[in-house]
Amino acid sequence: MADKTQLEVLKNGVSVWNVWRAAHSELEPNLADAHLIGVDLMGANLARADLRKADLRGSNLSDASLIGAHLEGATFFRAVLDRADLAGAHLNGAQFLTSDQLVTAKNWQSAYRDADLGCGAPIPPGRGRT
């Protein structure tokens, strides 16, 4: 379950969120199960965030940092990932995530993902489903 305080900060806008993240850089935000349908998260620092089973339908994650984020089981129907940094992100079990969406992101090749999202690049070894 998402931390209600953190979720409210995020819903106040990306600039407010990024300032909060800079002041709390040691935290790994808990946004698990968050309903972020259609939210503009362009440029958001979501590195290392727990977004497991988050509903990201129609959200704009362009230019967002999702480095090392846990996105297992998150819903990506019509989400925009243009230039989002997915280095080391955990995408196993992501729902409605397509290869077309994935390849618009940066560093998608190093993301842990299901075999159907291979997109011609090897899937990093050593991290199975979580």
Side-chain angles (χ1 to χ4, degrees):
M1 192 79 175
D3 180 288
K4 290 181 183 183
T5 302
Q6 294 174 11
L7 189 55
E8 284 304 313
V9 172
L10 182 60
K11 288 187 175 182
N12 282 322
V14 170
S15 60
V16 172
W17 173 260
N18 285 345
V19 168
W20 181 86
R21 276 303 305 268
H24 299 89
S25 59
E26 75 287 352
L27 288 180
E28 294 185 3
N30 179 2
L31 300 168
D33 296 308
H35 295 277
L36 298 169
I37 300 166
V39 175
D40 184 359
L41 299 170
M42 185 173 187
N45 179 359
L46 296 167
R48 301 180 330 275
D50 183 352
L51 287 153
R52 292 173 228 237
K53 297 185 180 179
D55 194 340
L56 298 164
R57 286 180 287 166
S59 63
N60 182 359
L61 292 157
S62 298
D63 300 308
S65 175
L66 294 164
I67 298 168
H70 286 273
L71 294 151
E72 296 94 339
T75 302
F76 287 93
F77 184 73
R78 293 194 177 179
V80 179
L81 296 169
D82 297 349
R83 301 169 308 280
D85 195 341
L86 294 173
H90 301 266
L91 296 166
N92 294 93
Q95 303 295 307
F96 302 106
L97 180 61
T98 67
S99 293
D100 289 341
Q101 288 169 293
L102 192 61
V103 298
T104 66
K106 296 187 299 188
N107 300 314
W108 62 269
Q109 300 91 335
S110 69
Y112 302 102
R113 57 201 188 281
D114 296 317
D116 61 339
L117 291 173
C119 307
I123 296 171
R127 299 272 179 130
R129 287 188 181 266
T130 57

Chemist: Quick one: side-chain hydrogen bond (donor to acceptor under 3.5 Å, both in side chains) pairs with a partner in residues 22-41, sequence neighbours left out?
Modeler: Trp20-His24
Chemist: Taking only residues two or more places apart in sequence or in another chain, which ones pass side chain to side chain contact (heavy atoms under 4.5 Å, CB included) with Val19?
Modeler: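 Checked Val19 against side chain to side chain contact (heavy atoms under 4.5 Å, CB included); zero matches.
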Chemist: Is there a donor-acceptor pair under 3.5 Å between the side chain of Gln101 and the backbone N or O of Ala79?
Modeler: yes
Chemist: Taking Val16 as the starting point, is it possible to reach Leu10 by hopping between hydrophobic residues whose side chains are less than 4.5 Å apart?
Modeler: yes
Chemist: Should Val80 and Trp108 be counted in the same cluster of Ile, Leu, Val, Met, Phe, Trp and Tyr side chains packed under 4.5 Å apart?
Modeler: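 As far as the 4.5 Å side-chain criterion goes, Trp108 and Val80 are not connected within one cluster.
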Chemist: How long is the span from the CG atom in Asp116 to the CG atom in Leu97, to the nearest 0.5 Å?
Modeler: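 The distance works out to 9.0 Å.
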Chemist: Under the rule for side-chain hydrogen bond (donor to acceptor under 3.5 Å, both in side chains), what residues qualify as partners of Asn45, not counting sequence neighbours?
Modeler: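 Partners of Asn45 by the side-chain hydrogen bond (donor to acceptor under 3.5 Å, both in side chains) criterion come out as none, since no residue qualifies.
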Chemist: For Arg21, check salt bridge (Lys or Arg N to Asp or Glu O under 4.0 Å) against everything at least two apart and list the hits.
Modeler: none
Chemist: Would you say Leu56 ends up clustered with Met42 if hydrophobic residues are merged whenever their side chains have heavy atoms under 4.5 Å apart, either directly or through other cluster members?
Modeler: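 In one cluster: no.
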Chemist: Looking only at non-hydrogen atoms, find the nearest pair between Ser110 and Ala87 and report the distance.
Modeler: OG-CA, 3.2 Å
Chemist: List the residues meeting salt bridge (Lys or Arg N to Asp or Glu O under 4.0 Å) with Arg78, not counting sequence neighbours, and say none if there are none.
Modeler: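 Once residues adjacent in sequence are excluded, Arg78 has no partner under the salt bridge (Lys or Arg N to Asp or Glu O under 4.0 Å) criterion.
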Chemist: Look at the side chain of Arg48 and the backbone N and O of Leu27, then say whether any donor-acceptor pair between them is shorter than 3.5 Å.
Modeler: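 Here the side-chain-to-backbone pair exists.
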Chemist: Between atom CZ of Arg113 and atom CG of Leu102, what is the distance when rounded to the nearest 0.5 Å?
Modeler: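 Here the rounded value is 6.5 Å.
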Chemist: Transitively linked via ILVMFWY side-chain contacts under 4.5 Å: Leu117 with Leu51?
Modeler: yes
Chemist: What's the shortest heavy-atom distance between Ala105 and Ala84, and which atoms?
Modeler: CB-O, 3.3 Å
Chemist: Under the side-chain hydrogen bond (donor to acceptor under 3.5 Å, both in side chains) definition, can you give me all pairs with a residue in residues 2-19, not counting sequence neighbours?
Modeler: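 Every candidate side-chain hydrogen bond (donor to acceptor under 3.5 Å, both in side chains) pair involving residues 2-19 fails, so no pair, neighbours aside, qualifies.
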Chemist: Under 4.5 Å side-chain heavy-atom separation, chaining through any Ile, Leu, Val, Met, Phe, Trp or Tyr, what else clusters with Phe96? Say none if it is isolated.
Modeler: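 Phe96 clusters with Phe77.
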Chemist: For Asn107 and Leu86, indicate whether the former's side chain and the latter's backbone hold a donor-acceptor pair under 3.5 Å.
Modeler: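 No: the side chain of Asn107 does not pair with the backbone of Leu86.
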Chemist: To the closest 0.5 Å, what do you measure between CZ (Arg52) and CG (Asn92)?
Modeler: 10.5 Å
Chemist: Test of understanding: with side-chain hydrogen bond (donor to acceptor under 3.5 Å, both in side chains), list the residues that count as partners of Ser99, not counting sequence neighbours.
Modeler: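 Counting only residues at least two positions away or on another chain, Ser99 forms no side-chain hydrogen bond (donor to acceptor under 3.5 Å, both in side chains).
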Chemist: Could you list the residues that satisfy side chain to side chain contact (heavy atoms under 4.5 Å, CB included) with Gln109, not counting sequence neighbours?
Modeler: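 Counting only residues at least two positions away or on another chain, Gln109 forms a side chain to side chain contact (heavy atoms under 4.5 Å, CB included) with Ala121.
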Chemist: Among all residues two or more places apart in sequence or in another chain, which pass the side-chain hydrogen bond (donor to acceptor under 3.5 Å, both in side chains) test with Thr75?
Modeler: none
Chemist: Does the Asp55 side chain pair with the main chain of Arg57, one donor and one acceptor, at a distance under 3.5 Å?
Modeler: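 At least one qualifying donor-acceptor pair exists.
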Chemist: Nearest heavy-atom pair of Tyr112 and Pro124: which atoms, and what distance?
Modeler: CE2-CB, 3.3 Å
Chemist: Does any pair with a residue in residues 85-109 pass salt bridge (charged side-chain N to carboxylate O under 4.0 Å, His left out), and if so which ones, sequence neighbours excluded?
Modeler: none
Chemist: Measure the spacing between CG of Leu71 and CG of Asp50 and express it to the nearest 0.5 Å.
Modeler: 9.0 Å
Chemist: To the nearest 0.5 Å, what is the distance between NE2 on His70 and NE2 on His90?
Modeler: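 These two atoms lie 4.0 Å from each other.
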Chemist: Nearest 0.5 angstrom please: Arg83 CZ to Thr104 OG1, how far?
Modeler: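 Answer for the CZ-OG1 pair, Arg83 versus Thr104, is 8.5 Å.
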Chemist: Identify, with sequence neighbours excluded, every residue that meets side chain to side chain contact (heavy atoms under 4.5 Å, CB included) alongside Ala34.
Modeler: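 Expected list: Ala2, Leu7, Leu31, Leu36.
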Chemist: Are Val9 and Leu46 connected in the hydrophobic side-chain network, where two residues link if heavy atoms are under 4.5 Å apart?
Modeler: yes
